Amino acid sequence: MNNLDFIFQRRSIRKYTGEAVDKKTIEQLLSAAMSAPSACAKDPWRFIVVHNKETLQKISEGLPNGKFLPDAPVGIVICGDIESAHANELSYMLQDCSAAIENLLLAVTALGLGACWLGVHPREDRVKHIKTIFKLPENIIPVGVIAIGYPAETPAPRQRGKAEYITWHD
Ligand SMILES: Cc1cc2nc3c(=O)[nH]c(=O)nc-3n(C[C@H](O)[C@H](O)[C@H](O)COP(=O)(O)O)c2cc1C
């Protein structure tokens, strides 16, 4: 077992067993997410944890590539508070939230769970859909939704690294 296996083995998981994810585990995942780097440590990320099937169904209706969301026992909506972000800048907010999402996905893999990132931002219709469901104030911007559960599929690890993507300046 290599120390980096949990990174190389991470895959998007879109099929889940019916098993519930307990609250302690979800708290661990959120704690991992909030350990991400953040510009000037502004931590603009905000999380909505959704167990309610009807709500997961409603969310999925606005996500064309997230129809499987209600099959997951839990979904986490990651939002950013633009008023908390460094310099109130959208780019910093999105970078911070993306770092948090990746931390969460890697923690999911390390704990033997499976997850898939469902894109929301920058698609305006999807942002509006999520804002409407949760009656979010102007400053809270949905970035993505993560479907999480115990995996009912085991896609093989993929090697997507390509030497031509790298420039070495020695
Ligand atoms: C910003 C972003 C949005 C994504 N949105 C979706 C989505 O809406 N539905 C989905 O099934 N996968 C989505 N994905 C997952 C990608 O399809 C997936 O990461 C990519 O195909 C690579 O596969 P892997 O995660 O198994 O390595 C998204 C990933 C990112 C980073």
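Keep in mind it's a predicted model, so treat the numbers as computed, not measured. Each ligand, and each atom within it, is numbered from 1 in the order the structure gives. Numbering starts at 1 and runs along the sequence shown.
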Worksheet item: Of all residues at least two apart in sequence or in a different chain, which pass the side-chain hydrogen bond (donor to acceptor under 3.5 Å, both in side chains) check with Asn139?
Response: Asp81
Fill in: Pair Thr154, Arg11: side-chain N/O donor-acceptor within cut-off below 3.5 Å
no
Would you list the atom pairs, donor with acceptor, under 3.5 Å between side chains in residues 48-57 and any protein atom, with sequence neighbours excluded?
| residue | atom | partner | partner atom | Å |
| --- | --- | --- | --- | --- |
| Asn52 | OD1 | Glu54 | N | 3.0 |
| Asn52 | OD1 | Thr55 | N | 2.9 |
| Asn52 | OD1 | Thr55 | OG1 | 3.1 |
| Lys53 | NZ | Pro70 | O | 2.6 |
| Lys53 | NZ | Ala72 | O | 3.0 |
| Gln57 | NE2 | Glu61 | OE2 | 3.2 |

Would you be so kind as to tabulate the donor-acceptor pairs closer than 3.5 Å made by side chains of residues 112-124, with sequence neighbours excluded?
none

Worksheet item: Side-chain donor-acceptor pair under 3.5 Å between Ser31 and Glu27, yes or no?
Response: no
Worksheet item: What does the list of residues with a heavy atom under 4.0 Å from ligand 1 look like, ordered by chain and number?
Response: Arg10, Arg11, Ser12, Arg14, Asn65, Phe68, Cys116, Trp117, Leu118, Gly119, Arg158, Arg160
Discussion item. How long is the straight-line distance from CZ of Arg46 back to CE of Met93, given to the nearest 0.5 Å?
Written reply: 10.5 Å
